[in-house]
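Each remark here refers to the structure printed beneath this line.
Just so we're on the same page: letters track the sequence lines, and every chain starts at 1.
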Protein chains: 2
Amino acid sequence: MKPVFITPSAQPSARWYQAFPDLQIIPTVKAYLTRVHRPGDGCWLDISPFDNDQAQSAIVALAAEDIRVMVLSYLPSEAEAYGMLSSGARGYCHAQAPPSQLQEVATAVMAGGYWMPPILLQRLVSAAIRIDSGPPIAIPQGFESLTEREHQVALEVGRGANNREIATTLAVSERTVKAHLTSIFDKLSLRDRVQLALLVNRLPVH
Amino acid sequence: MKPVFITPSAQPSARWYQAFPDLQIIPTVKAYLTRVHRPGDGCWLDISPFDNDQAQSAIVALAAEDIRVMVLSYLPSEAEAYGMLSSGARGYCHAQAPPSQLQEVATAVMAGGYWMPPILLQRLVSAAIRIDSGPPIAIPQGFESLTEREHQVALEVGRGANNREIATTLAVSERTVKAHLTSIFDKLSLRDRVQLALLVNRLPVH
DNA sequence: TTCCGACATGTACCAAAGGGCAATAGTGAG
DNA sequence: CTCACTATTGCCCTTTGGTACATGTCGGAA
């Protein structure tokens, strides 16, 4: 699949062509969305013609279609990066980044990952740590009290499996799965599998 | 280059082998570091034998050699993820993640990117940007097709509420809640409330 | 050997979830 | 005004989920 760049510029950067000789230019987001595209596709978005709000709207619209958006900025900044990423962008880099870096970004993002300048990620993480360090996170107490089998069942529930599927996966009867679940609910003081699924994924429950 | 897993376990997860049939096992970090390795190499680190500090020291030691560390945790948590990433890890995922996800992580990281569960990145960005504050629910793909009421029901399910509770919260009958749920499942192609709960929280479903 | 915990299952039973059918109502576009 | 969509709810039925009570195996600790 050809790399797609959404940019109004008739004369796109030479670096882009160096990175992706077969790239395709689309002038607007609207044109891109009316064109053939599928969930999981990736696209580059040149945000230079937009202000911050317009850019974020564009990303949201693309992300809604499950398009992986890689943002190209001519004036990258930390604040801008956070804005773009929080709107759903998966990549953020300088529009004039070296071709090899552009290729890196594309590879990482198309593999399901994210890409941002390393320094940014570092700052992001340390910021989050500062913010997070105060309030103690509700840690799933007692998870280690589960037996191996119960642990396996819990993980399956955390992925959305129903009893029949778990039984098949673990090669036991549905009755056995139920027994493990009852034991898990008891040990972790949970009400039902929905709460378990959330807990397994470290999410707050009601 | 063969994928390297640093783990003391003599019987590593079958999923790892499914993802990387030619993987290599190294029992300790020390053994890895005395072995041939080059800057830019990647390695998987099973942190189950370590406590938090030991794990971070190990990552720092590896990162100092410019090794790209991908952390495998059997009990992933937000706090742990931040700790590992801030120590220099480039990837962080569940040790029992599906093989396809492990491959994704490897591809993203070896391309110079980072990989962490989408929900984490989202929260990370939110935290940094200080938009966080409580229920930061911007909704994933497909949710725009939901009506306002369906949206409310979906959010409640995402917090682990059962039908009775949702009915009380929204001041309608349980039957109405069920009707909304049926409509939601239909629109989003979901099977049951567990899958909905996961989707609302941007987690992968089965 | 005996006792215990983890694991596995069966029969029942009750509760919750999910859905088909149908009716009533409000709202906004054409 | 009519049509489409949404919201709400009742009746009723099926499928799942979750528990209670019991039985049986197996391996390790006392």
Please encode protein proximity along nucleotides 22-30 of chain D as a string of B, S and -, counting only heavy-atom distances under 4.0 Å.
---------
Need to verify one output field. Residue with the more 5' nearest nucleotide on DNA chain D, R164(A) or S183(A)?
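Looking at the nearest nucleotide for each, R164(A) comes out on the 5' side.
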Ignoring backbone atoms, establish whether [X] has a side-chain N or O less than 4.0 Å from OP1 or OP2 of [N].
| X | N | value |
| --- | --- | --- |
| T147(A) | dC7(C) | yes |
| T176(B) | dT9(D) | yes |
| T182(A) | dT19(D) | yes |
| H180(B) | dT8(D) | yes |
| N163(A) | dG17(D) | yes |

How many angstroms lie between CG in L72(B) and CG in L45(B), if you round to the nearest 0.5 Å?
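So the CG of L72(B) and the CG of L45(B) are separated by 7.5 Å.
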What's the [atom1]-[atom2] distance between [X] and [N], to the nearest Å?
| X | N | atom1 | atom2 | result |
| --- | --- | --- | --- | --- |
| L181(B) | dT8(D) | CG | P | 13 Å |
| R149(B) | dG26(C) | CZ | P | 16 Å |
| E148(B) | dG26(C) | CD | C1' | 17 Å |
| Q152(A) | dA6(C) | CD | P | 15 Å |
| D192(A) | dA16(C) | CG | P | 10 Å |
| K178(B) | dC13(D) | NZ | C1' | 11 Å |
| R193(A) | dT15(D) | CZ | C1' | 13 Å |
| F185(A) | dA16(C) | CZ | C1' | 12 Å |

Would you say E150(B)'s side chain and L146(B)'s backbone share a donor-acceptor pair under 3.5 angstrom?
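Side chain of E150(B) to backbone of L146(B), a donor-acceptor pair under 3.5 Å: no, none is there.
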Short question: side chain of W16(B), backbone of A95(B) - any donor-acceptor pair under 3.5 Å?
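Here the side-chain-to-backbone pair exists.
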Side-chain contact test, heavy atoms from C-beta onward, threshold under 4.5 Å: evaluate it for R193(A) versus D192(B) and give yes or no.
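They are not in side-chain contact.
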If you measure from the Lys or Arg side-chain nitrogens to the Asp or Glu carboxylate oxygens, is any gap between R159(A) and E165(A) under 4.0 Å?
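No salt bridge links R159(A) with E165(A).
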Can you confirm whether the side chains of E156(A) and Q152(A) place a donor and an acceptor under 3.5 Å from each other?
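Absent: no donor and acceptor within the cut-off.
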Name each donor-acceptor pair under 3.5 Å that joins a side chain in residues 32-44 of chain A to protein atoms two or more places apart or in another chain, with its distance.
| from | atom 1 | to | atom 2 | distance (Å) |
| --- | --- | --- | --- | --- |
| T34(A) | OG1 | K30(A) | O | 3.2 |
| T34(A) | OG1 | A31(A) | O | 3.0 |
| H37(A) | ND1 | L33(A) | O | 3.4 |
| H37(A) | ND1 | R35(A) | O | 2.9 |
| H37(A) | NE2 | E65(A) | OE1 | 3.0 |
| D41(A) | OD2 | R38(A) | N | 2.9 |

